[in-house]
Every structure is written in C-alpha cells, then in structure tokens.
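Below: the structure, in structure tokens.
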Amino acid sequence: MIQLIRGFKDILPGEAELWQEIERVSRDLFESFGFKEIRIPVMEKTELFARSIGEHTDIVEKEMYTFPDRKGDLITLRPEATASIVRSYVQHKMYAADPVRKFYTIGPMFRRERPQKGRYRQFYQINAEVIGVDAPYIDAQLIFLLATLLERLKVTDVAAHINSLGCPECRPAFREALTALLDGKKERLCEDCARRSGTNPLRVLDCKVPACREAMADAPSLLEYLCEGCKAHFDSVQRSLNRLGVPFVIDKKLVRGLDYYTRTTFEIQTGALGAQSAVAGGGRYDGLIKMLDGPDTPAIGFAIGLDRLAEIVGLRQADLEKKPRLFIAALGDACAEKAFDWICRLGLAGVHAEMDMADRSLKSQMKQADRCGADLVLILGESELASGSAVLRNMRTKEQAAVVIDDQTAARLLAHIQ
Ligand code: HAM
C-alpha cells in the first residue's frame with residue numbers, strides 16, 4: 001500500500017468541515033475590515049525566499065523544499081506567504097493606483113521540519129497583510145483581529161505576546177551588545193545557537209533549549225535600545241490595545257524566525273499544543289518591499305497555523321457535520337426510478353437527499369437511513385405507488401405526513417423540508 005509522505009496529512013471529511021468553518025469565520029472577519037483575497041502560487045524562485053526570509057534562518061538553511069526544475073532553475077515550495085504577496089505587490093505595481101492594500105490568503109506551506117504534534121511538513125496558513133500603513137493603529141488592529149477571530153472560534157488558553165525588534169537605526173547597537181555577550185558564552189549554548197551567535201544572534205534569545213535559556217537569562221532587552229521613533233510606535237500600539245481591551249504580555253525575548261521583521265512583532269501562544277506553542281505569528285516588515293525592488297513602503301501582517309488552530313478550537317466537529325435531510329427507501333425498479341428523479345431535483349434545489357441504489361431490503365434501507373442521519377424518511381413501495389400516496393416520517397419527532405405521488409412530488413417534498 002502506498003502511504004502518504006512523512007509530515008504530510010490528509011484532512012478527511014469530518015475534520016474538513018471544521019476547517020471550512022474556520023475559513024468561513026476568517027473570511028467574514030477579514031472582509032468586514034476591508035481585506036481582499038489574493039491567491040499566489042505554491043512555488044517561487046528560491047531567491048525570493050532566500051532574500052526575504054534571510055539566508056541565515058532555519059527555514060532557508062535547512063527546511064525548504066528546493067529543487068532544480070527541468071531546465072535547472074532553482075525553485076522552492078513556499079515555506080510562507082508574505083514574500084510572495086510582496087513579490088506580487090511589486091511585480092504588478094499595485095502601489096501605483098493605491099499604495100495601501102490589505103490582503104488575505106489561505107493555503108498550504110511547506111517546511112521540512114521534524115514532524116511532531118502540531119508540526120507538519122505541509123501545513124496551512126491563514127495570512128493577513130497590510131501594505132502601505134505606517135501608523136501603529138494598524139499594528140493594534142491586526143492583533144485585535146487575531147484576538148477576535150480566536151474568540152469567535154471559541155479558542156481559550158491563548159495569550160498575545162508582543163515585542164518590538166526596532167529598526168535599522170537602533171537594532172545594530174543591540175546586536176553588538178548581544179554579540180559581545182554571546183562571545184563569552186558560546187560553549188554553554190546548543191550547537192545551533194553556537195553557530196547562530198555569529199550570523200543571527202537575535203535567534204539565540206528565543207531558543208527553547210534549557211542551557212541556552214539559562215545562558216541568556218541576563219541578556220539585554222531590545223526594548224532598552226529602541227530609538228525614539230520605535231519606542232513611541234510601540235507605546236502607541238500598547239495604548240490602542242488597552243483601549244480595545246485586548247490583553248497582551250510584553251515578551252522581550254520574542255524575536256521570530258524570519259529576518260524581515262522590524263518594530264512590532266507578536267505571537268499568539270497556547271499551552272494546549274505541547275511544544276508547538278505558537279498558533280499565529282506576525283509583525284512589521286517595513287524594509288521588505290524596498291528590499292524586493294519596490295518603493296520604500298511599510299507593511300505588517302500575520303499568519304495563523306490552520307492545522308494548529310483546528311486542534312484547539314472549541315467548536316464540535318459533530319455540530320458542523322452535514323447530513324442528508326431526506327432518505328427515500330424505495331422498493332423495486334419502478335419506485336427506485338421515481339426516487340432517483342426526486343433526489344436529483346431536490347439536490348438542484350439545494351436539499352441533500354439520499355436513496356439506496358443497490359436494491360436492498362426495506363430493513364437494510366432503514367438501517368442505512370439511520371446511519372446517514374437523515375431526519376426524514378419516505379418509504380415508497382409498490383402499494384404506495386399504486387395508491388398514489390406515501391408516508392413521510394420524521395425520525396426525531398415520529399410525526400408522519402402523507403405525500404401525494406405524482407409529477408409534483410419533488411416540489412411537495414421540498415415544501416415539507418423547507
Ligand atoms: P511563522 O511564525 O513562521 O510566520 O508561521 C506562522 C504560523 O504558522 C505559526 O505560528 C504556526 O502556527 C504555523 N506553522 C509554522 N510552521 C508550521 C509547521 N511546520 N506545522 C504546522 N504549523 C506551522 C510566518 O510564516 C510569517 N510569514 C507570518 C507573517 C505574515 N509575518 C508577517 N506577515
């Protein structure tokens with residue numbers, strides 16, 4: 001038997017209804033806040049991700065699915081969506097008509113990480129990005145949107161963590177201080193961090209390995225190094241969140257795993273997923289559009305891990321399951337032909353009706369009706385056909401109604417159902 005690839009998974013019917021509901025609630029919310037859907041390809045030139053996410057990040061160094069296509073060009077299955085959205089914004093000169101754009105997109109991403117609960121090699125993200133707005137209001141609005149979405153999906157046990165990563169003006173001094181501190185601690189760090197301390201020292205701050213945590217306990221905070229502009233921006237985000245009533249914690253060790261971030265960064269963390277605590281993450285990337293050859297334009301966004309969200313939502317799969325409204329137990333060819341005609345007409349009218357197509361006994365058809373969960377059952381045998389009337393039974397209330405059998409029966413059934 002051929003099985004699926006490690007770290008990949010099927011979303012089976014049942015679970016898929018839960019995903020649809022999450023997507024529906026997300027789309028509704030985004031559209032109420034002026035976001036427009038954008039669909040981008042699942043593959044891009046490798047260079048796009050290497051340049052934007054950063055050569056010295058885990059994603060680019062060891063997690064991307066990169067391969068030469070048949071002509072030898074290096075292409076990569078997208079590990080995230082932000083880089084592609086920015087590429088699209090720049091490529092189509094969307095800034096020319098209106099530099100301010102709000103996008104959302106939902107789809108699969110690919111990272112070759114070690115699979116475990118909440119961590120897959122193909123996973124799905126719900127992304128929201130706002131390009132062209134510098135004001136800290138938008139930072140607060142995005143975090144507010146995330147909090148609202150989680151509330152609507154009945155997710156509990158989550159906390160919004162926020163931090164500021166400064167800007168090219170103030171971050172270098174912090175980086176220097178951190179590098180100096182790390183120089184004296186290299187032998188206490190894990191293998192990854194010892195290597196990263198030279199190339200990407202900020203990442204050492206949020207390493208989960210206990211030895212690294214201990215070594216970094218007295219690390220300076222970026223917040224102490226923020227320039228006036230970044231400090232005022234971060235203070236303003238916090239004031240807006242307080243006014244909106246969104247609870248948050250300032251997490252000075254939150255640095256995120258992608259290099260493009262500036263100023264506000266945030267994560268929604270949960271205790272419900274074991275080691276994989278981040279349900280969503282995002283932040284500002286004010287330098288990325290220029291870096292990808294567009295105009296100097298600020299931007300901010302987030303991505304929710306849909307797989308992780310589906311595991312912690314408070315919605316019950318059983319409540320979302322869709323069942324047929326009607327089952328027709330038809331006995332013999334003549335009855336089956338009529339039943340077939342009616343279920344097709346009902347389907348066209350938007351009502352799901354089922355029948356048995358294998359000429360089974362009444363007993364087994366009734367079992368089938370029960371299994372599929374239809375509320376209404378119509379029994380149609382030779383005698384019903386002859387008398388021109390059949391009984392429609394409501395399996396929950398036990399109420400019965402007579403339905404005339406003629407060329408209007410599908411409409412009559414529809415009237416009973418609606
Ligand atoms: P990220 O933190 O790398 O950010 O991913 C966002 C979310 O995707 C994570 O919080 C997590 O829920 C989910 N996720 C990531 N990797 C996996 C995995 N292997 N398995 C399951 N879920 C996963 C970004 O991707 C940025 N592009 C977010 C962003 C948008 N920043 C600005 N705009």
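Worth knowing before you read on, the calculation uses all heavy atoms, side chains too, and leaves out hydrogens, waters and symmetry mates. Numbering of ligands and ligand atoms starts at 1, following listing order.
- In this structure, Lys102 fails the cation-pi test against Phe33, since its NZ or CZ atom is not both closer than 6.0 Å to the six-membered ring centre and inside 45 degrees of the ring normal.
- Of the N and O atoms on the side chains of Gln122 and Tyr124, at least one donor lies less than 3.5 Å from an acceptor on the other residue.
- Applying the side chain to side chain donor-acceptor pair (under 3.5 Å) criterion to Ser88, with sequence neighbours excluded, gives no partner residue.
- Salt-bridge formation is detected for the pair Arg196/Asp58: a Lys NZ or Arg NE/NH1/NH2 atom is positioned less than 4.0 Å from an Asp or Glu carboxylate oxygen.
- Every protein residue with a heavy atom nearer than 4.0 Å to ligand 1 is included here: Glu80, Thr82, Arg111, Glu113, Gly118, Arg119, Tyr120, Phe123, Gln125, Asn127, Glu129, Arg256, Leu258, Tyr260, Tyr261, Ala278, Val279, Ala280, Gly281, Gly282, Gly283, Tyr285, Gly301, Phe302, Ala303, Gly305, Arg308.
- Between the side chains of Thr409 and Arg412, no donor-acceptor pair is found at a separation under 3.5 Å.
- When only modelled atom types and interatomic distance are considered, His56 and Asn200 share no side-chain donor-acceptor pair under 3.5 Å.
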